[in-house]
Amino acid sequence: MNNFKNLRGTVDLLPDQLIKWQNVEKIIKEQLFRSSVKEIRTPILEMTELFMRGIGEGTDVVSKEMYTFLDRGERSCTLRPEGTASVARALIQNGIKTKPSQKLWYMGPMFRYERPQAGRQRQFHQLGVEYVGYKSSRSDIEIITLAWDILEKLGIKELNLEINTLGDHNDRLSFQKAFLKWLEVNKNSLDLDSQNRIDKNPLRILDTKDIQTKKILEDAPRLIDFLSEKSINRYLSIKEKLKLLKIPFIENFNLVRGLDYYTHTAFEITSGALGSQSTVCGGGRYDNLISQMGGIETPAIGFAIGLERLILLSGNELEENRGTDIYIVNKGFDAETLAISLSRRLRNYDLITELDLSGASFSKQFKKANKLNSKSIIVIGDDEALRNEFVIRLFGENSLDNKEDKISFDDSIKLEKWISKNLLATITSEN
RNA sequence: GCGGGCGUCGCCAAGUGGUUAAGGCAGCGGCUUGUGGCGCCGCUAUUCGGGGGUUCGAAUCCCCUCGCUCGCCCCA
């Protein structure tokens, strides 16, 4: 076996699987379109510095999961591990002042160097939505409901929305001060992982999985007690509105999320159906990111949905495929040319036509048409070529009677009539 | 980076030390060169992820290695 193989953690998506992907993407895009969210596309490759500064050097993503390499000009480049930093960069670079508020989405591959497992790949796909330049809690609500509605439109059930608030920069500073003081005292009773985080990213200790540490943390200072009145009111109003909108949620004070840039609202949507990688959607507010990256003070909030996990969760009704409408059986020199030109004409209709290219026997071609479940069939052979007409008839399982029509190659009207009577009616009733 | 499970045809598999490695699906060819669905017949792994070892003899036992997979960490 010295054939080529795909790289670990990457996958080939084959035509059959892509039917579902395309349907999922279509539903998502429609929902975004109706919500006035506009698409943005940024490069997959960025300078490494962007992610180090944007996401935070202490984070797991940056410290151990990036695909980083030197290009031929000795520049350090990184395949994007997430989309927010790139979008922020693009907006700053392209003059964010001229468009101070915008609703944006992007969809595409992201790369993280991790051990693959169920629902986790090294190259995976995300839908990201960013509301940039929106400050009020109304934007938090709209973006949470947008994420929720997309998942609902896809027919995904049994989702859990978790929310938390991280406060603003000052809230966090004063909390961190108290928390560090407490950590100093309790350091030795924490698990090793958490001890390591004290210097790098103390907030992350809050969502430790270690049971012992969890218990000890119950007596630690709580972020919520350090929030300013303004921050608290903001959070309370979000909870209030979610209740009024009947979006079920649970509060999770330990929801911190792995990226440094979050402020105020953090949220996550999970599903038990996913196994251990249960997060489908993660997001939050990042009011300081853009200014930290050199832009003007611009509050923003966003989320990302993992498409692979979405595909795993969405039902198989999205796998349904539209079959061939007309299969053109053809054989003989003149017949083949006529068949090609007829197939081109047929592509002006909303029909799926397939021209047989094999030159095989008629019986072979019929077998192929049958395998494809073609709804109808056109036959062009030497006889037809001679008479300048083709044979057309219905083909599916309900039409074994071989009732054929003959249509002249010049008679477009008769062809159109035949199509609308026999094919278009059934196609529209299906959709 | 650390644990557990697994690697036999494109896919699903039987085989657990003895001469030619079942079977099914898919594919190809034929019965049937101008009309399909069913059926029947035939073809498709000198080789069991790779390398080394034990043995008269290995897909089957041992060692190493690679890959996949599930979980931990973390995240989408």
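FYI, side chains are in, hydrogens and waters are out, and symmetry mates aren't considered; it's all heavy atoms of this structure. Lettering follows sequence order; numbering is per chain, from 1.
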Interatomic distance, A:K367 NZ vs B:C40 P [rounded to whole Å]: 14 Å
Rounded to whole angstrom, note down the C1' distance from B:U8 over to B:G49. 10 Å
Is it true that A:E39 and A:R41 have a side-chain N and a carboxylate O under 4.0 angstrom from each other? yes
Quick check on RNA chain B: between A:S374 and A:K368, whose nearest nucleotide comes earlier from the 5' end? A:K368
Which whole-number value in Å describes the distance from A:D16 CG to B:C11 P? 15 Å
Using a cut-off of 4.0 Å between protein heavy atoms and nucleotide atoms, how would you tag nucleotides 70-76 of chain B 5' to 3' with B, S and -? SBBBBBB
More than 12 heavy atoms of other residues, nucleotides or ligands under 6.0 Å from CZ of A:R344: is that the case? no
Nearest-Å distance for atom pair CG/P, residues A:D12 and B:C68: 12 Å
Assign the ring pair A:Y134 / A:Y131 to parallel, tilted or perpendicular, where the plane angle (0 to 90°) is split at 30° and 60°. tilted
Take atom CG of A:N370 and atom C1' of B:U35, then tell me their distance rounded to the nearest Å. 11 Å
Look through every strand shown and name the nucleotide pairing with B:G34 as Watson-Crick or G-U wobble, where both distances are under 3.5 Å. none
Gap in Å between the two C1' atoms, one belonging to B:U54 and one to B:G29, rounded: 46 Å
I'd like to know if A:E404 reaches the base of B:U35 with its side chain, counting only an N/O donor and acceptor under 3.5 Å. yes
Measure all distances between protein nitrogen or oxygen atoms and nitrogen or oxygen atoms of nucleotides 64-67 of chain B, and list the pairs falling under 3.5 Å.
from  : atom 1 : to   : atom 2 : distance (Å)
B:G67 : O2'    : A:K5 : NZ     : 3.3

Under 3.5 Å, is there a donor-acceptor pair linking the side chains of A:S76 and A:E49? no
Roughly how many Å is it from CZ in A:R387 to P in B:G34, rounded to a whole number? 17 Å
Take the protein atom NZ of A:K371 and the nucleotide atom C1' of B:U35, then report the distance between them rounded to whole Å. 16 Å
What distance, rounded to whole Å, do you find between the two P atoms, one in B:U65 and one in B:C2? 12 Å
Whole-Å distance separating the CD atom of A:E384 from the C1' atom of B:G34: 8 Å
Determine the Euclidean distance between corresponding P atoms of B:C25 and B:C41; express it in Å to zero decimal places. 12 Å
Euclidean distance for P, B:G7 against B:U60 (whole angstrom): 12 Å
Looking only at atom P, what distance separates B:C6 and B:G42, rounded to whole Å? 37 Å
Sort out the partner of B:C56 for me: Watson-Crick or G-U wobble, both distances under 3.5 Å, none otherwise. B:G18
Euclidean distance, atom CD1 of residue A:I328 to atom C1' of B:G34 [Å, nearest integer]: 17 Å
Say we look at B:U32 and B:A26: how far apart would their P atoms be, to the nearest angstrom? 23 Å
Within the supplied structure, the quantity of interest is the number of heavy atoms (other residues, nucleotides, ligands) at a distance under 6.0 Å from A:R138 CZ; does it exceed 12? no
From CA spacing to verdict: side chain to side chain donor-acceptor pair (under 3.5 Å), A:R89, A:Q93: CA-CA 6 Å; A:R89 193 225 81 228; A:Q93 187 177 335; 3.0 Å; yes
Nearest heavy-atom neighbours spanning A:Q121 and A:G9: CB-O, 3.3 Å
What contact category does A:Q123 fall into here, base, sugar-phosphate, or nothing, at under 4.0 angstrom with non-hydrogen atoms? nothing
C1' gap between B:A45 and B:A21, integer Å: 8 Å
Using the benzene-type ring in the case of Trp, are the ring centres of A:Y113 and A:Y67 under 6.0 Å apart? yes
With the stacking rule set at 5.5 Å and 30°, tell me whether A:F362 counts as stacking on B:G34. yes
Are there over 12 heavy-atom neighbours, none belonging to A:E158, within less than 6.0 Å of that residue's CD? no
State the pairing partner of B:C48; accept Watson-Crick or G-U wobble contacts with both distances under 3.5 Å, and report none otherwise. none
Aromatic contact, A:Y327 with A:F395 (centres under 6.0 Å): no
Tell me whether the side-chain N/O atoms of A:K364 come closer than 4.0 Å to OP1 or OP2 in B:G34. no
Any strand is fair game: report the nucleotide pairing with B:C68 by Watson-Crick or G-U wobble, both distances under 3.5 Å, or none. B:G5
Go ahead and name the base partner of B:G27; Watson-Crick or wobble counts if both distances stay under 3.5 Å, otherwise write none. B:C43
Which of these passes side chain to side chain donor-acceptor pair (under 3.5 Å) with A:R285: A:D140, A:T265, A:D168? A:D140
